[in-house]
Amino acid sequence: MSDFLDKDQTDFFTGDLFDDEDQTDLHNGWGSLFADASDDDDDPDYDPFSNEYDSDRLSDSSDWDPVPLEDEPPAPPIQLQHTQAMRERLGSASKVERVRRILEFMESLDMNLPIFLDALSWGDDGCTSDPKVRYERTALMHSEELPRILERWYRVPRASESRSHYVRPAGARRALEDFAMKCAAEVLDRELESSAHIFRSPKDSLSEAALTAFDFAEVACKLQEPTCAPRSWTLLYGAMQRQRQHHNTTQPHRPSRKNPTSATVMLFSQLQYMRSRNATAWAKPLTIFLKAKGASARCIDLLHALGVTMSHSWSVRAYAGISRNAMDDLQRLIHVLMWWLAYDNVNFAFQVFSQRLNNQAHFDSGTSGSVFFKPNAPPTTPLSASALREQRQIGRQNPLTIADIAALEAAAAPAIRTHTIHLVLKTLLDSPDFDFASYNAGNHSHPALRPPPPVHRLPSGKEHVTKQFVLGTVHIDEASYEGTDKLIEEWMHQLGLHAEDEQKRTGLERVLVWIGDQLTVDRLRGLANFRCEDRNGYERLDWLVVVFGWFHATMAFANSLHRQYFGSASGRGLRQAFGLLHRKGLQSVKIKGSFHQHLHEGILHVAEARLRDCWCKVAGVKTLAELRNRTPEDLYLFAEKLVRDYASNDAIEDLDMLMDGQEDQVFRQAVMWNRDVLYYLLLHQSMKAGDVGMMEHLLPHMLYRFAGGGNHKYAVEVLELLQGIHREWPPEVRDFVRENCWLVNLSGDADGFQAIDLVEEHTVKDVKVTYRPRGPNSSWNLMKKRAPAIPTLRAVDQHLTSQFRTMYRGIRHTIPAKEADVEKLRQFYSIAGIHEFRGPRKATDGVREVVSDGFQVAANTLMPKWLTKRGVYDRGARQVW
C-alpha cells in the first residue's frame, strides 16, 4: 500500500494523525474501518462473520427462531449500543474537525460522500457481503440518528448567519419527495391488497345479514392492524385533519359534522371498488339504502361513476333479488315453524304526467299482508285441526251467557284493582313536583311502590323476537266478500299453498290464524259462514281462526271515551279541556290521519291532570311536593283511598243513593271519568308491557263499553274472542293465539310489544310512502314485486342510521314536554272543584253511564241476536276432494 500512498496518507492509516483520545473515540466507528484485524478479537460483543446482527440479509437459513421472554423486552442491537456509547464519549464537543478529516481522507481515496453512501448501501457484491460493511450498514439502519438525518435532508435548518429569516436551502427535498411518492405508492398498493378481504362482498350479498354486516368502527380498527393497512390509514386519515392556523378570528369555531374516521373508511372502499368489482361490501348496502330513500337513477349512476355505489341497473336487480329471496325463505319456513298472518287495506292515489283515455289519475284500493314467525322461540305444541273441529262443535252447543261474562269480570276484579291502584300511585311518583328521583333513596325499592306482578306477561329477549315477512301488495279490495275470497286465494298462492295436495293438507291438518281490523275479521267470518256447507274443509275454511287486532280495538275504546265525555263548551268534559289546551281537530271522531294520536295524548293529559287533583284532595295538601315526607305505606293507602272514593263503581253507587235534589252531577261525572279512563290507561300499559293476561281480564269491560256506547260491531268481536277462548278453541289453539297473535315484539325489548295490527299499519305506511316506487312507472305490479323486500330495507335503514347517527339527526320525532299542559288543566280542575262534593250541582255535559247500560244492552239485545245469527250456519263435516 505504501507504494502508491504518500506519507500523510500512510500516517492516516496508522493513526498518526490522531491522538490517543481520538483513536479511543473512533473505536468501532470510522477509525475501526482501518484497524488491524486483531481488533475484532478484542471486542467480545462483535463477530463480523456472525449473522446475529445483520439486518439486511437476503435470506436466513437458520432454523432457530428465538422466542423472547414475555417479562423482558428484547435488548437493542449491539450497533445501537455502540453508537450511543460513542455519542456519549463525544459529548457536546464540535465534530466538524473529525468530519473534515474523514472527508479529506475519502478524497484521497478518490471517493466522496455520494460515492461512499452508494457503496455502503448495497453498492456492489463486495459491499453487500463484507462483514465489516454489513455491520456498519446495520448500525446506520438501526440508528436513532437516521430519522433525524432524513428529516434534516428534507427540511434543512436555516443558517444562523442568514440575512433573511425566510432563506432555507433546498436540501434533498425534491429527491426525497420523489422517493417518498414511489414508496407510498408501493406501500398503498401492498396494503390495499392485504386489506381487500375486508371489502369483499359475500356470496349471499343480498341477504339481510350481509347487507347489515359492514360496520365502520370495526372496519376502521381492522385497517389499522399491523397486518392490514396501518400506513395507508395513517396517510389518508392524516390528510383528513385540517391544519388549524393560530391566528385571531372574530368567528367562533363551529363543530364539524364530518367524521374523518368514516371518511377514511369510505376512501378505502372507493379504492378497493375501483381495483376490484368484488370489493362491494359497502357499495351494495349504500346503494340499497339510497334506492330505498328515493334517490334518482341519475344520482345513483353518478355515484357509481365515482366508485361510491353500484349502478342503478344493479339496484333494480337487487330489489328483485331481495324480494325473491324473501319469498323463497317464507315458503320454506311455513313448513318448519308456526306462523300467523295479518293484512290490511292500502289506498293509493296514482298521478299521471300526461292525461289520456287510458292514462288518468285515479284512486285505488288494495291490500298489504304480512306473515310472522318466532324463529328462535322454543317449540310449541302443534295445532290440531281435528281437535279444533271437535271443540268448535262442542262450543256451538254451549255458548257463553251474560252470567258467564259477569263471572269472568268478577274473577278479574282483584287483579284489575291492584294494577289500577299502582297506576294511580305511579301518577304521583312520575310528577315533577314529587320528584321521585330525590325521594328518600331507601324507599325507592319499597314493596308498596313496586308494580304488582303481571297476570300473564309474554317473555322478551332476542330468543323471543318476532320476524316479519311482507307479502306482495295486491290490487284487491278487501271490503267486499268477493275481494276477501280473492285475497284468500292470492295469499295461498304467494305462500305456495295453492296446489291441490297443499289445499287438502290445509283442510285436513292445518290450523291458521289470521288477524286484522274489525272489517277484515268480519268479512272472513262471514265468508266462512256462507261456505259452511261446502264439500270439504278447505273450501269451508275450517282451518281458519280469525282474531281482531288490539290496536283497532284500542282506537275504538278511545273513540268511545270521546263520544261519552266530549261534553259542551260550558261543561267540564273533553271539549273544554281541548279548548283550554288549544288542541285542534278533535271536535268529532275520525278514523284517518293523526286523529287517534292526538286523541290518545289528550286523554292521557286530561287523566293525569285529574288524578293529580285527586291526590291533593285525598291527602289534604295543596301541592304534590308536600307528599314527599310521607312514607311509602302512607302513599299506598292514599292511592287505595283515591281509587275507592274517586274512581270506582262503589263511589258512583254511593252518590246515586243521595236523595233527589242533593245530587252533585259535576262530582259524579268526574268520578265516572276517573273510573273509565283508568281502564283505558291499564289497557294501554298492559299492551306495551306484553301482559296478555291483563288484556284478557279487560275483555268483559270492553264488551260492556262497546255495547253501551253503540259500537256493536266491536262488541260482537269481543264476544267472538271470549267464545273462542272459553268454548271453541282447544287449549293449544287458545294458548297460541294469546301468546302470539295479539302482540308481537320486533326488537326483543321488555317494553317493545306492539299490537300486531299496528305493525301492519306501519307496513302499510312503508308500502305506500316510505318505500313506494316513484315516478310515472309506479304500478300495482311493481309494488307487488318490491313489497317483500321491505323488512330487509328497514334493516339496512336502521343499520346505516345507527352507523352515522349524530347529535344533529335523530330517528324519532321529539315529543314536546307535556308538563305545562297538565298543570294548566290541574289548576283549572282545582279551582272548579270537580273533585269535591258541593251539594246540588247540575252538569251541562249530558254524560250518560255507558258501562252499566252496556251490561243491560249485552244481556237483552246484543247477545240474543249474536246467538241467533250463529245458529243459522250449521257447519258441514264432509270431506270430498
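Among all heavy-atom pairs drawn from D124 and C127, the shortest one is OD1-N, 2.7 Å. Across all non-hydrogen atoms, the minimal contact from F469 to D329 is CE2-CB, 4.0 Å. Listed here is the closest heavy atom pair of A305 and M274: O-CE, 3.8 Å. Heavy atoms only, all atoms of each residue included: I300 and T309 are closest at O-OG1, 3.2 Å. Nearest approach of A210 to D204, heavy atoms of both residues: CB-O, 3.2 Å. Here the shortest heavy-atom pairing between M111 and I115 reads CE-CG2, 3.8 Å.
With rounding to the nearest 0.5 Å, the separation of CD1 in I790 from NE2 in H762 is 13.5 Å. Atoms CG and CD, from L80 and E144 in turn, are 5.0 Å apart once rounded to the nearest 0.5 Å. A distance of 6.0 Å separates CG of L793 from CD1 of I322, quoted to the nearest 0.5 Å. For the atom pair CG (L236) and CG (L271), the distance works out to 6.5 Å, reported to the nearest 0.5 Å. Here the CZ-CG distance, from F373 to L333, works out to 5.0 Å after rounding to the nearest 0.5 Å. Here the CD-SG distance, from E225 to C221, works out to 8.0 Å after rounding to the nearest 0.5 Å.
Y154 and E177 share a donor-acceptor pair across their side chains, judged by distance under 3.5 Å alone. In the model, S195 has a side-chain atom that pairs as donor or acceptor with a side-chain atom of Q272 under 3.5 Å. In this model, no donor atom of one side chain and acceptor atom of the other lie less than 3.5 Å apart for N112 and E107. Using modelled atom types, one finds a donor on one side chain and an acceptor on the other under 3.5 Å when comparing K284 with S205.
Two residues are said to be in side-chain contact when any heavy atoms from C-beta on lie closer than 4.5 Å; P157 and R152 meet this criterion. For the pair V470 and P791, the minimum side-chain heavy-atom distance is below 4.5 Å. When side chains are defined from C-beta on, M240 does not count as touching K258, because their heavy atoms never get closer than 4.5 Å. Contact of the H304 side chain with the Y273 side chain is registered, since non-hydrogen atoms from C-beta on lie closer than 4.5 Å. Here the side chains of M327 and P788 are in contact, with some heavy-atom distance below 4.5 Å. Residues E463 and P378 form no side-chain contact, since every pair of their non-hydrogen atoms from C-beta on lies 4.5 Å or further apart. Side-chain contact between M106 and L113 is present, with at least one heavy-atom pair separated by less than 4.5 Å. The side-chain heavy atoms of V465 and K374, taken from C-beta on, include no pair separated by under 4.5 Å.
A cation-pi arrangement is present between R137 and W122 under the rule of less than 6.0 angstrom and at most 45 degrees off the ring axis.
Under the 4.0 Å criterion applied to side-chain N and carboxylate O atoms, D189 and R275 are assigned as salt-bridge partners. Using a cut-off of 4.0 Å between Lys/Arg side-chain N and Asp/Glu carboxylate O, R190 and E186 are scored as not salt-bridged. Here R794 does not pair with E208 in a salt bridge; the nearest charged N to carboxylate O distance is not below 4.0 Å.
No side-chain donor-acceptor contact under 3.5 Å links S232 to the backbone of E191. Put simply, the side chain of S121 never gets that close to the backbone of D118: no donor and acceptor are under 3.5 Å apart. With hydrogens and angles disregarded, a donor-acceptor distance shorter than 3.5 Å links the side chain of N325 to the backbone of G321. In this structure, the side chain of N745 engages the main chain of D749 through a donor-acceptor pair within 3.5 Å. Between the side chain of K462 and the backbone N or O of S747 there is at least one donor-acceptor pair closer than 3.5 Å. Checked by atom type and distance alone, the side chain of Q224 never pairs as donor or acceptor with a backbone atom of P230 at under 3.5 Å. No donor-acceptor pair closer than 3.5 Å links the side chain of E136 to the backbone N or O of K132.
The salt bridge (charged side-chain N to carboxylate O under 4.0 Å, His left out) check on R87 picks up E145, with sequence neighbours excluded. Every residue was checked against the ring pair (Phe, Tyr, Trp, His ring centres under 6.0 Å) condition with W314, not counting sequence neighbours, and none meets it. In this structure D301 satisfies the side chain to side chain donor-acceptor pair (under 3.5 Å) test with no other residue, sequence neighbours excluded. With sequence neighbours excluded, no residue forms a salt bridge (charged side-chain N to carboxylate O under 4.0 Å, His left out) with R200.
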_Show, in sequence, the C-alpha distance, side-chain angles and deciding distance for W282 and V219, and conclude whether the side-chain contact (heavy atoms from CB on, under 4.5 Å) test is met._
CA-CA 11 Å; W282 168 240; V219 171; over 6 Å; no

*Before giving the answer on side-chain contact (heavy atoms from CB on, under 4.5 Å), spell out for Y135 and H82 the whole-Å C-alpha distance, their side-chain angles and the decisive distance to 0.1 Å.*
CA-CA 11 Å; Y135 177 85; H82 288 171; 2.6 Å; yes

_Worked verdict on K785 versus S323 for side-chain contact (heavy atoms from CB on, under 4.5 Å)_ = CA-CA 7 Å; K785 292 178 181 179; S323 295; 5.7 Å; no

_From CA spacing to verdict: side-chain contact (heavy atoms from CB on, under 4.5 Å), F199, L223_ = CA-CA 11 Å; F199 297 89; L223 289 173; 4.1 Å; yes

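Heavy atoms from other residues, nucleotides or ligands lying under 6.0 Å from CG of D110 number 12 at most. Around CZ of R772, the count of heavy atoms belonging to other residues, nucleotides or ligands within 6.0 Å exceeds 12. Within a 6.0 Å radius of CG in D125, no more than 12 heavy atoms belonging to other residues, nucleotides or ligands are found. A 6.0 Å sphere centred on CZ of R100 holds no more than 12 heavy atoms belonging to other residues, nucleotides or ligands.
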Quiz: residues 260-269 side-chain donor-acceptor pairs under 3.5 angstrom, not counting sequence neighbours:
| unit_1 | atom_1 | unit_2 | atom_2 | d |
| --- | --- | --- | --- | --- |
| T264 | OG1 | P260 | O | 2.7 |

Under 3.5 Å, which donor-acceptor pairs link side chains of residues 285-298 to any protein atom two or more places apart or in another chain?
| unit_1 | atom_1 | unit_2 | atom_2 | d |
| --- | --- | --- | --- | --- |
| T287 | OG1 | A283 | O | 2.6 |
| T287 | OG1 | M310 | N | 2.8 |
| K291 | NZ | H312 | NE2 | 3.0 |
| K293 | NZ | D797 | OD2 | 2.7 |
| S296 | OG | C299 | N | 3.2 |

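Classification of the F216-F214 ring pair by plane angle, with boundaries at 30° and 60°, yields perpendicular.
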